[in-house]
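Below you'll find the structure, written out as structure tokens, and then a few comments.
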Protein chains: 2
Amino acid sequence: MAGPAAGQGRAVRPPASSPRVAVDAVLFTISDDRLQTLLVNIKTGPFAGRWAFPGGLVELGESLDGAAYRELYEKTGVRDLYLEQLFTFGDAGRDPAWHTVAVAYFALVPHFERGLKRGDKYADIDWFPVHDLPQLAYDHSAIAAYALKRLQAKLGYTNIVYSLLPDEFTLREIQAIYEVILNHKLDRRNFRRKILALGLLKPLPKTRHGAHRPAALYTFTQRRPMNVGVL
Amino acid sequence: MAGPAAGQGRAVRPPASSPRVAVDAVLFTISDDRLQTLLVNIKTGPFAGRWAFPGGLVELGESLDGAAYRELYEKTGVRDLYLEQLFTFGDAGRDPAWHTVAVAYFALVPHFERGLKRGDKYADIDWFPVHDLPQLAYDHSAIAAYALKRLQAKLGYTNIVYSLLPDEFTLREIQAIYEVILNHKLDRRNFRRKILALGLLKPLPKTRHGAHRPAALYTFTQRRPMNVGVL
DNA sequence: GCAAAAGTGTTGAGATTACACCCATGC
DNA sequence: GCATGGGTGTAATCTCAACACTTTTGC
């Protein structure tokens, strides 16, 4: 990490003649039938005790994407995630300690159990349901709103759902993700037709058994971002 | 990567421990039936003589939008333009002088004659057709491509054309803008029906006279960004 | 056998596309 | 009066949403 105060509370830094640069990442996952995001609890500074998205200063020579990856890897240990630059927030007042331009990212991972490391930078780290977030530090509420909006929009014209799903899944499970994120019900039959028509799913010769008729399992033929008309 | 190399090129700034922040603005206009962008000619440093989008470092305490406005106002004298944050480019190598994170903007103005000020920062300033740009400095070719893509997409689902048009215009003139930017012909009659169905245009009791039958003049009822299904 | 979820098909409304035709003006 | 672009209408096609029915399992 660069400097003594990298990240935590965005504390004091020797005066410079220009704003500094940080990345903040909104990591989404689906868990417990809800859309959740990863938050860290700030240890020191004006926002001590408040929750915020994980982030930190960009080091000299480091790419923005690289910095976002690094931050998330340090916290979660996850390397394989969908990561996309969201928006850059740069108002002078957003960080009381020093004018900090934050390049916000949004990221997606399939749900995983445990593995969160709070490090010594933060007091705590945990998942929170998007529709029931605590009061956030900095302007992170605005970032949260923006990230959710982007996620909802991208579900409609890309195949990024794949990054929220395990290798094998049923059609019902994809649909559940759409419904949770978009926050409204979809017609089972129309959804099925649409998603299959894209040709991105391969049926597996297996089924998932539950309380009733077993459902066919599918897998993605390609796990890379593509623009397709889903909705 | 983090290290020396402060002195050379346009770096007029003492070594710091982190990247610096700049804004670059891609200003589009329609002129001579072509989509054009404003470029400045760089005076000194490793890219001396090359063309680039106008931009500059963000001052401490200044907002990003504010910095972009300021840059464009200094060059063009225009205050009323459509301005939107595009993407942030931050690879370490993009500026050989010092790691510089550039927040790129894209902006739209109706065509205006003259008023460009090169200031003493640049050797020259001029409009260039987007489909015939010179070799650009930094990673500005990537920025140009990204900006064009965004502009083309936004034409389809927003009303931002208004920012490229004067107060009064004919339907043919709007259509011409769409055709030039999207780079393909549209059906005159279908376009007409679609654009009128949006209810954003008000017919004026005037006509524009040319070589043939005069065309009705229209004006926008509202000149602010909105999401609407144009195409 | 029955409840519940999986899987398949159909139909009507509305949007989109591809046109043909008349109208008004300058020359 | 005629060439040229402006203005209006319409039929065929496609897409999308709403819905009914059959199938397969666990209990």
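The structure presented is a predicted model; accordingly, all values stated were derived computationally and were not measured. Each chain gets a letter, A, B and so on, in the order the sequences are listed, and its residues count up from 1.
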May I have the distance from Lys206(A) (atom NZ) to dT25(D) (atom P), rounded to whole angstrom? 17 Å

Side chain of Lys194(B) (C-beta onward), nearest among dT25(C), dT25(D), dT16(C): dT16(C)

From the candidates dT8(D), dG6(D), dG9(C), the one with an atom nearest any side-chain atom of Arg189(B) is dT8(D)

Rounded interatomic separation in angstrom, taking CG from Leu217(A) and P from dA6(C): 12 Å

Counting C-beta onward and ignoring hydrogens, is there a side-chain heavy-atom pair between Leu171(B) and Leu201(B) closer than 4.5 Å? yes

In whole angstroms, the gap separating P of dA18(C) from NZ of Lys185(B) amounts to 16 Å

So, the side chain of Gln175(B) versus the backbone of Arg192(B): is there a donor-acceptor pair under 3.5 Å, distance only? no

In whole Å, what is the span from the CG atom of Leu231(B) to the P atom of dT16(C)? 10 Å

What about Arg193(B), does its side chain sit under 3.5 Å from the base of dT10(D) through a donor-acceptor pair? yes

Closest approach of Phe106(B) to Ile160(B) (non-hydrogen atoms, all atoms of both residues): CZ-CD1, 4.4 Å

Flag the pair Phe220(B) / Phe169(B) as yes when their ring centroid distance falls below 6.0 Å, and as no otherwise. yes

Interatomic distance where CG belongs to Asn190(B) and C1' belongs to dC14(D) [whole Å]: 14 Å

Could you work out which one of dT24(D), dG6(D), dA3(C) sits closest to the side chain of His212(A)? dA3(C)

Under 3.5 Å, is there any donor-acceptor pair linking the side chain of Arg208(A) to the base of dA6(C)? no

Looking only at the side chain of Arg188(A) (C-beta and beyond, no hydrogens), which of the listed nucleotides dG6(D), dT25(C), dG7(C) gets closest? dG7(C)

Can you find a side chain N or O atom of Arg192(B) that sits less than 4.0 Å from OP1 or OP2 on dG7(D)? yes

Ala211(B) or Gly210(A): which one's nearest nucleotide on DNA chain D is closer to the 5' end? Ala211(B)

Should the pair His140(B) and Tyr138(B) be assigned to parallel (<30°), tilted (30 to 60°) or perpendicular (>60°) ring geometry? tilted

Tell me whether the side-chain N or O atoms of Arg213(A) pair up with the base of dG7(C) as donor and acceptor below 3.5 Å, since no angle test is needed here. no

Using whole Å, what does the distance between atom P of nucleotide dT16(C) and atom CD1 of Ile195(B) come to? 13 Å

Atom NE2 of His209(B) and atom P of dG5(D) are separated, to the nearest Å, by 17 Å

Please report the distance, rounded to the nearest Å, between CZ in Phe191(B) and P in dG6(D). 13 Å

